[in-house]
Colleague: 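Please read through the structure below; I'll follow up with questions.
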Amino acid sequence: MKYITTLLITICVSVYGQDYSDLLKKIESSKPGDSQFLLRGYAHSGYEKRGEESSFVGGSFNPIFLWRQSDKLLFEAELELELEHGETALALEYANMAYELRDNLTVRVGMFLLPFGTFSERLHPRWINRLPSSPLGFGHDPIGPMRDMGIELRGNTKLGSRSLSYSLYSTNGPSLNDGEDHDLSEDEAGMLNYLNFEDNNSNKAIGGRLGIFPLASPALELGFSGQIAEVGNHETEYENTAANLYALDMSYVNNIIFLKGVVDLKGQLNQINVDDESYFSDEDSSSYSFLNQSQASYLQASFRPAYVRNSFVKNLEIVGRYSQIETPEGALWESNQSQYVVGLNYWLDWRTVLKIAYQVNESSAAGGHVEEDEHGDEGGDNAILIHWAFGF
Amino acid sequence: MIKSIKTTLGLATIIILSTMFITACSSQNPPLEKSGAQLWGENCVRCHNAPSPSAFSDNQWETVAMHMKIRANLNSSETAEIVEFLQMAN
């Protein structure tokens with residue numbers, strides 16, 4: 001693992017030494033006025049009725065800062081400002097520097113959205129997500145990593161007229177809740193914590209994604225992601241506990257002429273396997289263990305009759321999504337839920353949308369890990385969600 | 001089990017790294033047959049609705065395109081074609 005991390009860094013530093021010294025020269029010689037700065041971002045708000053309860057929600061916004069220092073060097077950062085339990089919360093979503101090593105190869109360093117599947121990196125922003133909610137297991141307390149701190153190489157290559165995209169990264173990786181850390185809930189022993197920004201051990205996670213475009217046009221993409229890491233805290237009996245994470249994703253977006261519109265299919269499956277360990281329960285002073293495997297997946301389809309003449313109808317879009325989450329049987333956070341959502345959107349322009357959706361939840365074993373809405377309320381009830389999202 | 005997964009992942013990493021080496025060090029990509037407009041139409045709709053060329057100024061397109069090039073794993077020649085089209089049509 002260490003070997004691969006060192007290899008990644010060595011590739012960037014030594015093999016591309018020429019570019020690296022170019023980079024240093026550029027950084028030294030660049031004046032603040034040389035960079036092109038762009039402030040963008042997105043915002044959302046809405047109304048939600050869950051079971052008997054209803055509330056106006058959101059009012060959050062995410063500024064995105066882009067500094068283009070040269071045609072090879074870009075810095076990107078995103079903040080999230082939202083109200084959480086009545087207080088304004090400010091979070092750093094990502095902050096990283098990207099440098100183009102070759103025409104088709106870029107290195108990124110810092111905190112970035114992880115190419116583990118596509119939801120986190122490409123689809124979660126409110127103006128991109130076609131529904132007002134995230135799929136089960138892809139929102140708060142996700143099953144799978146969404147962002148992390150580290151180094152990444154990414155690029156693409158052509159195989160004839162087909163292309164292949166790849167990303168390979170080394171990051172701090174997730175940490176295991178072993179039930180003994182008083183800052184974390186003992187009931188969630190065995191769960192992975194993905195916000196491990198100061199690494200809990202010296203082991204680094206290694207991961208990557210391979211995206212395949214099997215057709216001559218990039219309409220269809222199939223993605224395979226994996227990540228492996230030791231996740232236990234340093235100098236504990238869990239030190240060598242490892243986690244293997246896999247994801248499959250697909251995306252198909254195409255104009256369907258006879259339907260006069262655009263069909264968009266998206267899906268992802270995350271599978272998390274953590275080595276089996278025994279955890280201690282304070283409640284009955286005994287140890288317990290379980291097969292520590294979790295899974296979350298979703299499939300979404302949408303259709304927008306973008307090529308009909310009627311200017312109202314062409315901005316409408318219908319969406320349907322199924323998602324499910326399954327956490328380990330025998331864990332105190334055991335759960336097994338599924339969710340169906342249907343929605344109707346109206347696009348005011350390419351990045352401003354009004355979304356109305358009806359969400360049905362089904363749960364067959366709800367333990368600690370009940371999917372929560374954005375305010376941390378349990379989302380067990382069926383819901384009507386009306387959101388407005390705006391990219392700028 | 002973990003050992004064999006580690007070996008598989010190690011092997012996969014080596015394969016990906018060698019692919020990167022070969023492609024990064026090989027000569028330029030074959031000449032592009034697709035126009036900037038076509039590349040824009042095919043690529044910029046994959047994750048979100050495609051912005052129209054008039055949405056940004058020439059300078060802004062350069063920054064946005066660089067952002068998207070990285071996010072969408074596009075290569076520089078494709079991105080340059082798209083930017084040229086957007087700057088011409090805005």
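Below, chains carry the letters A, B, ... as their sequence lines are ordered, and counting in each starts from 1.
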Colleague: Would you say the side chain of B/S76 lies within less than 4.5 Å of the side chain of A/N104, judging by non-hydrogen atoms?
Modeller: no

Colleague: Decide side chain to side chain contact (heavy atoms under 4.5 Å, CB included) for A/V262 and B/V45; before the verdict, give the C-alpha distance in whole Å, the side-chain angles of both, and the deciding distance to 0.1 Å.
Modeller: CA-CA 10 Å; A/V262 183; B/V45 292; over 6 Å; no

Colleague: Counting only heavy atoms closer than 4.5 Å, note whether B/A50 contacts chain A via side chain, backbone, both or neither.
Modeller: backbone

Colleague: Using the side chain to side chain contact (heavy atoms under 4.5 Å, CB included) rule, take A/E121 and B/R71 through it: C-alpha gap first, then chi angles, then the decisive distance, then the call.
Modeller: CA-CA 8 Å; A/E121 192 185 55; B/R71 193 60 71 92; 3.8 Å; yes

Colleague: What's the shortest heavy-atom distance between B/C47 and A/L123, and which atoms?
Modeller: O-CD2, 4.0 Å

Colleague: Highest number of heavy-atom pairs under 4.5 Å with chain B: which of A/E76, A/R351, A/R108, A/R122?
Modeller: A/E76

Colleague: Evaluate the ring planes of A/W350 and B/F56, with Trp represented by its six-membered ring, and classify them as parallel (under 30°), tilted (30 to 60°) or perpendicular (over 60°).
Modeller: perpendicular

Colleague: Where do B/K69 and A/T106 land on the side chain to side chain contact (heavy atoms under 4.5 Å, CB included) test, with the steps shown first?
Modeller: CA-CA 10 Å; B/K69 173 188 158 308; A/T106 300; 3.8 Å; yes

Colleague: Of the non-hydrogen atoms in B/N59 and A/Q36, which two are nearest, and what is the gap between them?
Modeller: O-OE1, 3.0 Å

Colleague: Checking heavy atoms, do the side chain of A/W67, its backbone, both or neither come under 4.5 Å from chain B?
Modeller: neither

Colleague: Is B/Q38 close to chain A through its backbone or its side chain, or both, or neither, when contacts mean heavy atoms under 4.5 Å?
Modeller: neither

Colleague: Taking every heavy-atom pair that is under 4.5 Å apart, which of A/L74, A/I128, A/I64 has the most such pairs with chain B?
Modeller: A/L74

Colleague: Provide the closest heavy-atom pair for B/I70 versus A/R154 in the form atom of the first, atom of the second, distance.
Modeller: O-NH1, 2.6 Å

Colleague: Over all heavy atoms of both residues, which pair between A/E221 and B/R46 is shortest? Give the atoms and the distance, please.
Modeller: OE1-NH1, 3.3 Å

Colleague: Nearest 0.5 Å please: distance from the CG atom of B/N49 over to the CG atom of A/N315.
Modeller: 9.5 Å

Colleague: Are A/K158 and B/N75 packed together at the side-chain level, in the sense that at least one heavy-atom pair is separated by less than 4.5 angstrom?
Modeller: yes

Colleague: Give, as side chain, backbone, both or neither, the part of A/S251 having an atom under 4.5 angstrom from any heavy atom of chain B.
Modeller: side chain

Colleague: Please check if atom CD in A/Q271 has more than 12 non-hydrogen atoms from other residues, nucleotides or ligands closer than 6.0 Å.
Modeller: yes

Colleague: I'd like to know if the side chain of B/N73 and the backbone of A/Y166 have a donor-acceptor N/O pair within less than 3.5 Å.
Modeller: yes

Colleague: Quick one, A/S217 with B/E42, criterion side chain to side chain donor-acceptor pair (under 3.5 Å). Give me CA distance, side-chain angles, the key distance, then yes/no.
Modeller: CA-CA 7 Å; A/S217 85; B/E42 285 181 358; 5.0 Å; no

Colleague: For A/F224, is it the side chain, the backbone, both or neither that has a heavy atom under 4.5 Å from a heavy atom of chain B?
Modeller: neither

Colleague: So, for A/P218 and B/K34, which heavy atoms are closest and what is the spacing to 0.1 Å?
Modeller: CD-NZ, 4.3 Å

Colleague: Would A/D71 and B/M66 satisfy side chain to side chain contact (heavy atoms under 4.5 Å, CB included), going step by step from the backbone distance to the final call?
Modeller: CA-CA 8 Å; A/D71 56 356; B/M66 191 165 178; 5.6 Å; no

